[in-house]
Amino acid sequence: DVKVTQSSRYLVKRTGEKVFLECVQDMDHENMFWYRQDPGLGLRLIYFSYDVKMKEKGDIPEGYSVSREKKERFSLILESASTNQTSMYLCASSFRLQGGGMNTEAFFGQGTRLTVV
Amino acid sequence: AQTVTQSQPEMSVQEAETVTLSCTYDTSESDYYLFWYKQPPSRQMILVIRQEAYKQQNATENRFSVNFQKAAKSFSLKISDSQLGDAAMYFCAYRSDIIQGAQKLVFGQGTRLTINP
């Protein structure tokens, strides 16, 4: 079974803290993604990575950074947490497509509900 | 940039009835994939069905089927014989099939489906 594991299910942090959200996948996927999920806004892409040490900004990268030192691990960093970063964070991974074929879908972790107080 | 729009924030249906969830998308690409994901209260995202843009035939998976209209950029999900376990948030998603560059996965805002017994 494909597994995407997020380090915490619930997290409470204080304003100004540096926060690390970790994600590990065991399927040798090239692509990894970080989304935040807010009611009425769906899943918005923060950052993604298509290879080790490679990263691309998504639609809402401000206030976040990422790290991918190993293929299986993708970390989301909140440099200085703020209350408007209170949200559900979802990690996903997928194979890199090579012009069609199977295995096109992404697999998700169970999410981290982060509260910044 | 690709966008995905789900115009129905909430839908409800009687158990055993049929319901259709709407999704439209915008893209200039010719090759891509479309997905419907389900997110039950457990928060685990589950793939419901996928459609390859190059296939004219609509995808089906048991009680789930899609109506894919490529020219209209429409991708609706039909759930037949609705069951209580179908109650969840449903997300429509788009993934490009370009070989070079970023292969983003873009989501809509979601539709919350309620099943009435």
Side-chain angles (χ1 to χ4, degrees), chain A residues 1-6 8-10 23 25 29-51 54-61 87-114, chain B residues 1-10 21-26 29-55 59 61 88-112:
Chain A
D1 261 2
V2 173
K3 209 160 187 186
V4 180
T5 304
Q6 293 183 228
S8 304
R9 200 158 162 79
Y10 298 94
C23 177
Q25 51 93 5
H29 286 163
E30 295 88 0
N31 296 331
M32 295 189 76
F33 306 84
W34 274 108
Y35 295 89
R36 66 176 280 176
Q37 181 179 0
D38 300 288
L41 298 177
L43 276 70
R44 292 180 292 166
L45 183 62
I46 304 171
Y47 267 98
F48 65 102
S49 168
Y50 52 89
D51 203 348
M54 304 304 288
K55 60 185 179 185
E56 291 271 347
K57 291 181 179 179
D59 301 315
I60 51 164
S87 186
M88 170 80 78
Y89 291 86
L90 286 168
C91 175
S93 70
S94 72
F95 284 115
R96 179 166 181 79
L97 298 178
Q98 300 291 335
M102 306 290 287
N103 302 316
T104 58
E105 75 268 30
F107 295 85
F108 285 81
Q110 282 200 289
T112 296
R113 188 172 294 282
L114 172 68
Chain B
Q2 295 81 24
T3 59
V4 177
T5 301
Q6 293 178 249
S7 58
Q8 305 155 315
E10 296 182 350
L21 308 185
S22 302
C23 173
T24 58
Y25 58 95
D26 190 27
E29 297 172 341
S30 57
D31 294 321
Y32 49 88
Y33 296 85
L34 297 166
F35 306 89
W36 279 99
Y37 281 88
K38 169 185 176 181
Q39 186 184 44
S42 68
R43 302 186 337 212
Q44 183 65 57
M45 294 280 274
I46 302 164
L47 177 68
V48 174
I49 199 165
R50 90 189 81 199
Q51 174 78 43
E52 294 88 345
Y54 61 84
K55 288 187 176 178
E61 288 285 345
M89 279 291 285
Y90 285 81
F91 291 98
C92 178
Y94 170 102
R95 180 178 183 182
S96 51
D97 190 18
I98 54 172
I99 297 176
Q100 298 296 329
Q103 295 178 348
K104 285 168 61 172
L105 181 62
V106 181
F107 285 83
Q109 300 88 337
T111 297
R112 182 172 299 282

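Order of the sequence lines fixes the chain letters, A, B, ..., with proteins taken first and strands second; residue numbering starts at 1 for each chain. All values reported here derive from a predicted model rather than from experimental measurement. Values below: every heavy atom of this structure, side chains too, minus hydrogens, waters and symmetry copies.
In this structure, chain B has heavy atoms under 4.5 Å from both the backbone and the side chain of A:Leu43. Residue B:Leu47 touches chain A through its side chain alone, counting heavy-atom pairs closer than 4.5 Å. Looking at A:Asp38, neither its backbone nor its side chain comes within 4.5 Å of chain B, counting heavy atoms on both sides. Contact annotation for A:Met88: only side-chain heavy atoms (C-beta onward) come within less than 4.5 Å of a heavy atom of chain B. Heavy-atom distances place both the backbone and the side chain of A:Arg9 under 4.5 Å from chain B.
Distance check: A:Asp59 CG to B:Phe107 CZ gives 12.0 Å after rounding to the nearest 0.5 Å.
Side-chain contact between A:Tyr35 and B:Leu105 is present, with heavy atoms from C-beta onward closer than 4.5 Å. Side chains of B:Tyr37 and A:Glu105 form a contact here, defined as non-hydrogen atoms less than 4.5 Å apart.
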Next item on the list: Would you check, one step at a time, whether the test side-chain contact (heavy atoms from CB on, under 4.5 Å) holds for A:Gln110 with B:Met45?
Entry: CA-CA 8 Å; A:Gln110 282 200 289; B:Met45 294 280 274; over 6 Å; no
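By number of non-hydrogen pairs under 4.5 angstrom with chain A, the leading residue of B:Arg112, B:Met89, B:Gln44, B:Gln39 is B:Gln44.
Of all heavy-atom pairs between A:Asn31 and B:Arg95, the closest is ND2-NH2, 3.2 Å.
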